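When a ligand or atom number is given, it counts from 1 through the structure's own listing order. Please read all numbers here as calculations on a predicted model, not as lab measurements.
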Amino acid sequence: MIRTIIFVVCAGIIISGVVWLVENPGTMTMAWGDLRVDVELVVAFAGLLVFAATVAILYRLWWSARRVPKAISNSRRSGKRERGYKALTQGMVAVAAGDANEAKRQAQKADTLLGDPPLTMLLSAQAAQLNGDEDAAGRYFNAMLKRPETAFLGLRGLLMQAERDGDTTAALSYAGRAKSLQPKTPWVLTTLFDLQVREGQWQGALKTLDQAIKSKAFKPAEGKRLRAAILLGSSIEAEESGNKTAALSFADKAHKEQPDHLPAIVRRAQLMNEAGKFRSLLNLIKDVWSHSPHPVLAKLYVGGDYAPDALTRVKKLEALRDLNPDHPESRIALVQALIDAKIWGAARTHLETLGLENPPSRICRLMAELEEGENADMDAVRQWLMQAARAAPDPAWICSDCGGAHSVWAPLCSRCDELGTLDWRVPEHTFALAKPESESLPVESPENAMLVDSDEEAPKQELLAPDGTEPTPAAVNSNQPR
Ligand SMILES: [Zn+2]
């Protein structure tokens, strides 16, 4: 529109000029030496216009001719680049489809056409991996480390290679370098965290976990659960190195992180007991018994010099029972104390209250002790012990991920290597069904094979004491009357 207006205005000016010249005729004289030329003004004006137009057209032709080689070159380069990107895309598709030969062919083509190593190195590495050439892939990944724009991708490739090879030390190194390049990337933080946990680097894992929670790689509740497990791992590590003060401090932190976390409570109580902090220990057990009772806590509550005789232990455990009167752990702890104090009637009453129709293993063992102590009835003892072997298993530290049972709590499940998955509960699986009395003890069921001990001993869950201590003679010799 603007161009049209400019054209109309210019044409108007020229036409007006020509009309004016026609109405006001004149002559233009050009003289050079003896030569003299007289030209009408209109003709001179028209000639000038023709001359200007000719010069403009010639200049335009010259300018276009000069650009032709460059345009041809640009066109060729653009076509090459387009074919290069197409090869790159097809190579990526081939990698996704698992077509090793096509991926390799397209990688070479893209490399030739694009001439841009950072762009094609990842495809070349992936194509090499698809062809099973891990050495070549490693060389590409290492080459990528030399360029800032591809270093992170190279580290990721090398990290995955190291993990696949089971080289945790190298994987940790690559993950640490990847974190220094991209400190907020969730997969970097979770991978580094997993490696640190697997290597038992609890302090490093704790730091990485906090960063991962900030980067929202873990939900807050999941983060708290993992944090408690790592703090307990740190506590175990400190105790093993002889630093019991630090061990107790880590257990305190784990308990604060999750106030109803039974592993933290039990560990804290055990360390308090070892440190001689008996007043704090008794207060802790009284505080938690209403929501987190455990046989180890009951044992610690009446251990040491503050419950020197059986009768005192009974009185103390009666008081503890009153804090959580309906929980079986309250009664079981009290029954054991009553049997030790030879108060047979009360012990029997409590056991009957717990239910004797289909009692779990530990109730059967207590009944056997009672029958032996009160009546010396060895037939009854034998029958209870046989029933104990077939009864529902005792609670243990059960992995919520794989179902493996452990006698002692540990940060990692020794069966599946998951962190913080061990909970105190009765295993969900059932043992071999009860058999007639005349038969020998039940054959170990297939499910028993999955029971593992934290120190990799043979499965013996039904023989384990709740705190992982040695089983009672009654349990061990359950097929032999005493
Ligand atoms: Zn497990």
Engineer: Under 3.5 Å, which donor-acceptor pairs link side chains of residues 168-188 to any protein atom two or more places apart or in another chain?
Structural biologist:
unit_1	atom_1	unit_2	atom_2	d
Lys179	NZ	Gln211	OE1	3.1
Ser180	OG	Arg177	O	2.6

Engineer: Taking Ser400's backbone N and O only, do any of them form a donor-acceptor pair with Thr421's side chain (distance below 3.5 Å, no angle check)?
Structural biologist: no
Engineer: Are Asn131 and Asn101 packed together at the side-chain level, in the sense that at least one heavy-atom pair is separated by less than 4.5 angstrom?
Structural biologist: yes
Engineer: Can you see whether Ser292 engages Trp424 through a side-chain donor-acceptor pair at a distance of less than 3.5 angstrom?
Structural biologist: no
Engineer: Mind checking salt bridge (Lys or Arg N to Asp or Glu O under 4.0 Å) for Glu329 and listing every partner two or more places apart, or none if nothing turns up?
Structural biologist: Arg362
Engineer: What residues, two or more places apart in sequence or in another chain, satisfy salt bridge (Lys or Arg N to Asp or Glu O under 4.0 Å) together with Arg321?
Structural biologist: none
Engineer: For the Zn ion (ligand 1), which protein N/O/S atoms fall under 2.8 Å? Skip waters.
Structural biologist: Cys399 SG, Cys402 SG, Cys413 SG, Cys416 SG
